[in-house]
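Comments concern the structure below.
Note that these values count all heavy atoms, side chains included, but never hydrogens, waters or copies made by symmetry. Residue numbers start from 1 in every chain, and the chains themselves are labelled A, B, ... in the order their sequence lines are given, proteins ahead of strands.
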Protein chains: 2
Amino acid sequence: MEKQDLLVRTAFTLFYSRGIHAVGVNLVLAESGVAKKTLYHHFPSKEHLIEATIRYRDHRYRAWLASRLTQVPAGKAPLLEIFNALDDWFNNRVPDLDRFHGCFFINASAEFSDREHAIHQACAEHKTAIAELIRSYVDNLALPDDRAEAITRLIVLLKEGATSMAHVQGHLDAALQAKALLDNALSTEGFVGPGLQGPERNDRML
Amino acid sequence: MEKQDLLVRTAFTLFYSRGIHAVGVNLVLAESGVAKKTLYHHFPSKEHLIEATIRYRDHRYRAWLASRLTQVPAGKAPLLEIFNALDDWFNNRVPDLDRFHGCFFINASAEFSDREHAIHQACAEHKTAIAELIRSYVDNLALPDDRAEAITRLIVLLKEGATSMAHVQGHLDAALQAKALLDNALSTEGFVGPGLQGPERNDRML
DNA sequence: CTCTAAGTAGACAGGTCGGTCTACTTAGAG
DNA sequence: CTCTAAGTAGACCGACCTGTCTACTTAGAG
């Protein structure tokens with residue numbers, strides 16, 4: 001594997017499990033077995049390495065989620081499938097995403113709290129990209145634009161809440177709970193209008 | 001003011017706005033004007049100071065939220081009022097809580113990711129305490145126990161999601177969006193059963 | 001008046017931080 | 001064969017980290 005990739009992967013795993021400020025470049029080098037000069041040959045500073053780990057995680061996470069959503073029939077199913085995927089992630093059934101330690105982008109935003117900071121903005125952009133992915137599936141329901149936007153934001157809200165609860169409180173069933181809530185909302189007149197089927201019988205949790 | 005309190009308040013503000021690992025004790029001392037010996041007289045280590053800031057924030061936050069919920073009529077209103085309070089917090093209309101930088105406990109959990117760690121556990125305990133506060137208001141609706149528990153968890157889910165979105169993405173209206181969703185859920189047959197009023201007309205956002 | 005607890009300023013120790021640098025070693029392209 | 005880009009190990013720099021320590025000051029209790 002190319003040294004640059006190796007550094008980014010190693011740095012990501014360390015940053016994700018221990019926090020970004022808590023991990024020094026010397027540890028990344030020791031874990032990866034790469035020389036310091038090589039790191040600074042590819043990245044002008046630790047900051048750039050951090051940004052590379054953000055892009056790396058963004059790419060992996062989006063690819064994983066997008067792949068999951070193509071594996072179910074079109075319609076409501078992909079929207080609910082988001083939360084099946086989250087459930088797998090929380091319960092460490094997705095080795096590709098590393099052992100669950102919450103959302104890397106939420107964590108990074110906590111360490112780089114200033115919204116003007118490049119790293120915080122990169123995290124926000126990831127969230128926007130995820131929202132756009134979700135929106136593309138909501139659009140398949142052929143709803144009015146404002147309705148589609150509201151449902152997209154609802155799903156994002158539930159996703160963020162479930163991820164946070166799973167990490168901080170250890171409520172590993174938060175994804176399925178969010179799924180049941182979404183299912184109910186999607187079946188309610190005020191949300192998507194008549195014409196969609198009722199909730200999936202065996203997923204009722206509320 | 002007692003030096004111990006001054007240290008905790010100063011440390012909290014710095015930790016909250018810049019991150020815990022990013023702030024050294026020397027900065028806390030410089031900002032507070034307290035001598036280093038005094039800090040280590042009251043706290044055996046930085047770790048203990050961090051734990052004190054967690055307890056401090058826990059106390060302040062719970063007192064603020066509890067106070068807000070007593071200012072509306074009993075019934076559904078306090079549950080919706082949670083999100084009015086969050087909306088004020090996100091938009092910096094609550095000076096007592098410091099300038100909004102997300103949830104301090106989520107942020108701290110990101111920096112102390114190991115769930116066995118005392119600081120992470122203290123954060124989880126705060127969330128549990130908040131959930132119990134909410135639960136006490138849900139109980140006023142006189143619902144079956146499992147229903148009440150589900151609604152409590154739903155509210156917590158929405159609260160966490162809104163807080164995270166407000167911080168990372170800057171969606172400062174997330175609280176009102178969550179409120180509208182809760183309002184709808186509380187009015188839906190499957191959630192609390194018949195007998196409760198419909199959604200508040202002018203808060204419909206979905 | 002005396003004793004004590006809590007405070008001050010700031011030097012210091014041992015370690016880690018991000019980052020630079022020298023000197024040397026590959027491996028592949030022209 | 002030669003040149004270059006990318007790699008190695010690791011010494012080194014100044015800055016900052018947590019935490020300890022000396023020496024002195026202050027305020028209140030007995």
Quiz prompt | Nearest-angstrom distance from the residue atom CG of A:Leu29 to P of C:dG19 | solution = 12 Å

Exercise. Mind calculating the distance between OH (B:Tyr40) and P (D:dT22) to the nearest angstrom?
Key: 17 Å

Quiz item: Taking the side chain of A:Thr38 as its heavy atoms from C-beta onward, which of D:dT8, D:dT18, D:dA6 lies nearest to it?
Solution: D:dT8

Self-check item: Residue-phosphate contact under 4.0 Å: A:Asn26 side-chain N/O, C:dT16 OP1/OP2
Solution: no

Quiz item: How close or far is atom P of D:dA5 from atom CD of A:Glu2, stated in whole angstroms?
Solution: 16 Å

Quiz item: At under 4.0 Å between heavy atoms, what does A:His21 touch on the DNA or RNA strands: base, sugar-phosphate, or nothing?
Solution: nothing

Quiz item: Hey, is A:Glu81 close enough to A:Lys179 for a salt bridge, meaning N to O under 4.0 Å?
Solution: no

Quiz item: C:dG18, D:dT18, C:dG7: which one has an atom nearest the side-chain heavy atoms of B:Lys46?
Solution: D:dT18

Exercise. Identify whether any heavy atom of A:Val23 sits under 4.0 Å from a base atom; if not, whether one sits that close to sugar-phosphate; answer base, sugar-phosphate or nothing.
Key: sugar-phosphate

Quiz item: What is the nucleic acid contact for B:Lys37, judged by heavy atoms within less than 4.0 Å: base, sugar-phosphate only, or nothing?
Solution: base

Self-check item: N/O donor-acceptor pair, side chain A:Lys36 with base D:dG10, under 3.5 angstrom
Solution: no

Quiz item: Is it true that B:Arg9 and B:Asp98 have a side-chain N and a carboxylate O under 4.0 angstrom from each other?
Solution: no

Quiz item: Nearest-Å distance, CG (B:Leu14) to C1' (D:dC17)?
Solution: 16 Å

Self-check item: Within 6.0 Å of CZ in A:Arg93, more than 12 heavy atoms from elsewhere
Solution: yes

Quiz item: Between A:Leu39 (CG) and D:dA6 (C1'), how many Å, whole number?
Solution: 14 Å

Quiz item: Among all residues two or more places apart in sequence or in another chain, which pass the side-chain hydrogen bond (donor to acceptor under 3.5 Å, both in side chains) test with A:Arg55?
Solution: none

Self-check item: Secondary-structure stems, DNA chain D, at least 3 Watson-Crick or G-U base pairs under 3.5 Å
Solution: C:1-30 with D:1-30

Quiz item: D:dG19 C1' sits how many Å from B:Leu49 CG, rounded?
Solution: 13 Å

Practice problem: Could you state the atom-to-atom distance from CG of A:Leu6 to P of D:dG7 in whole Å? | Solution: 10 Å

Self-check item: Aromatic centroids of B:Phe15 and B:His101 separated by under 6.0 Å
Solution: no

Quiz item: Which atom names give the shortest non-hydrogen contact between A:Val156 and B:Gln169, and what distance separates them?
Solution: CG1-NE2, 3.7 Å

Quiz item: Where the side chain of B:His41 is defined as all heavy atoms beyond and including C-beta, which of D:dG19, C:dG7, C:dG19 is the nearest nucleotide?
Solution: C:dG7

Practice problem: Report the residues that fulfil side chain to side chain contact (heavy atoms under 4.5 Å, CB included) with B:Ala85, sequence neighbours left out, ordered by chain and then residue number. | Solution: B:Trp64, B:Leu65, B:Arg68

Quiz item: Rounded to whole angstrom units, what separation is found between the CD1 atom of A:Ile50 and the P atom of C:dC17?
Solution: 13 Å

